[in-house]
Asks: 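Below: one structure in structure tokens.
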Amino acid sequence: MSQLEFRAAVRDAIAEELERDPTVLFFGEDVAAPGGVFAVTGGLQERFGPQRVFDTPISELALAGAAFGAAVTGMRPVVEVMFGDFMGLAMDSLVNQAAKLWYVSNEQRSAPLVIRSAVGAGGRFGAMHSQNHGTWFQGVPGLKVVAPSSPGDAKGLLKAAIRDDNPVILLEHKRLYSVKGPAPNGETAPLGRAAVGREGGDLTIVSVSKGVRDAIDAAATLAGDGLEAEVVDLRSLRPLDLETVLESVTKTNRVLAVEEGPRTGGWASGLLGMIAEERLHELDDAWLIATEETPIPYSPTLEDAFLPAPETIVESVRGRLGIGSV
């Protein structure tokens with residue numbers, strides 16, 4: 001089976017949609033001539049020309065406004081906000097305009113736009129360039145929030161996002177750009193549908209993006225302790241596929257949610273609340289792992305200790321369930 005690099009999957013998805021649909025545009029800071037700060041989008045301007053792929057001034061507010069304006073006038077813009085931490089500058093156009101257009105227009109208009117952003121810690125970018133901002137938008141009706149964990153999903157979910165009539169935020173973890181994996185099975189991957197990344201019957205571990213790969217590594221270690229963990233990849237934070245999670249939890253009766261972000265206001269605590277509402281009387285255990293309630297450290301040693309790693313998951317499971325080398 002052919003292998004695909006994550007950054008190439010993103011670039012291929014944009015290129016194929018630009019080729020397929022003349023209403024698709026791609027723009028952002030340093031995405032055209034320089035090819036992107038993470039070397040994701042090189043060659044697109046040369047292939048499709050400066051009218052459809054172009055660099056912009058350094059203004060996330062202007063980018064989001066331009067994307068909304070283009071979307072409501074018949075285009076399908078794909079915009080890169082270089083670091084997800086800067087999405088606060090784009091809030092109004094996304095939260096107060098794009099997300100609400102379908103509703104306030106009585107379902108007569110929509111804003112089909114995609115905002116891509118690099119997110120996540122572990123790359124030594126410091127407190128203001130390392131956050132996961134998906135939960136900032138998770139509570140906004142009208143937005144979709146997607147976070148792929150593999151190259152195949154990166155391509156399939158991005159293509160689906162570009163074709164979707166809703167505004168979609170795509171989170172691309174920096175530490176996944178160089179990861180390789182199988183190409184997608186189909187043309188697109190469904191938005192709002194989780195996937196089982198590893199099967200097991202003793203414990204459900206739920207995560208998203210880079211956390212899924214950490215959970216799978218942890219599950220392999222825990223298998224040596226005689227515990228078979230099932231790993232559920234949410235893939236989308238909004239819409240959230242609770243049904244797939246509940247199917248797994250019904251089988252295992254234990255659930256651990258792993259989030260790269262603080263537990264206060266995080267998706268993991270919200271998910272455990274939903275699970276408890278549906279299955280509380282059946283559960284043997286439910287808990288979560290999250291980061292400390294602090295900004296992300298710049299020091300490599302502190303940053304590594306700050307992040308939930310496979311070892312963190314293994315230690316937590318062993319301590320909670322009293323198995324293995326506790």
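Starting from 1, each residue takes its place in the sequence as its number.
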Asks: Taking the ring centre of each residue, are His129 and Phe86 less than 6.0 Å apart?
Replies: yes
Asks: State which residue, out of Arg11, Arg47, Lys159, fulfils the salt bridge (charged side-chain N to carboxylate O under 4.0 Å, His left out) condition with Glu16.
Replies: Lys159
Asks: Fit a plane to each ring of Phe38 and Phe83, take the angle between them on a 0 to 90° scale, and name the class: parallel (under 30°), tilted (30 to 60°) or perpendicular (over 60°).
Replies: perpendicular
Asks: How far apart are the C-alpha atoms of Asp214 and Lys210, what are their side-chain angles, what is the distance that settles it, and do they pass the side-chain contact (heavy atoms from CB on, under 4.5 Å) test?
Replies: CA-CA 7 Å; Asp214 294 335; Lys210 174 67 166 56; 2.7 Å; yes
Asks: Applying salt bridge (charged side-chain N to carboxylate O under 4.0 Å, His left out), run through Arg320 and Asp285 and close with a yes or a no.
Replies: CA-CA 9 Å; Arg320 188 87 171 194; Asp285 208 349; 2.9 Å; yes
Asks: Is there a donor-acceptor pair under 3.5 Å between the side chain of Arg116 and the backbone N or O of Val81?
Replies: no
Asks: Are the side chain of Arg235 and the backbone N or O of Asp153 linked by a donor-acceptor pair below 3.5 Å?
Replies: no
Asks: Using a 3.5 Å distance criterion without hydrogens, assess whether the side chain of Thr252 forms a donor-acceptor pair with backbone atoms of Arg254.
Replies: yes
Asks: Using a 6.0 Å distance limit plus a 45 degree cone around the ring axis, check whether Lys174 lies over the aromatic ring of Phe125.
Replies: yes
Asks: Is a side-chain donor or acceptor of Glu303 paired with a backbone partner of Gly122 at a separation under 3.5 angstrom?
Replies: yes
Asks: Which atoms form the tightest heavy-atom contact between Pro148 and Leu171, and what is the distance?
Replies: CD-O, 3.3 Å
Asks: Mark yes or no for whether Thr41, through its side chain, and Val31, through its backbone, hold a donor-acceptor pair below 3.5 Å.
Replies: yes
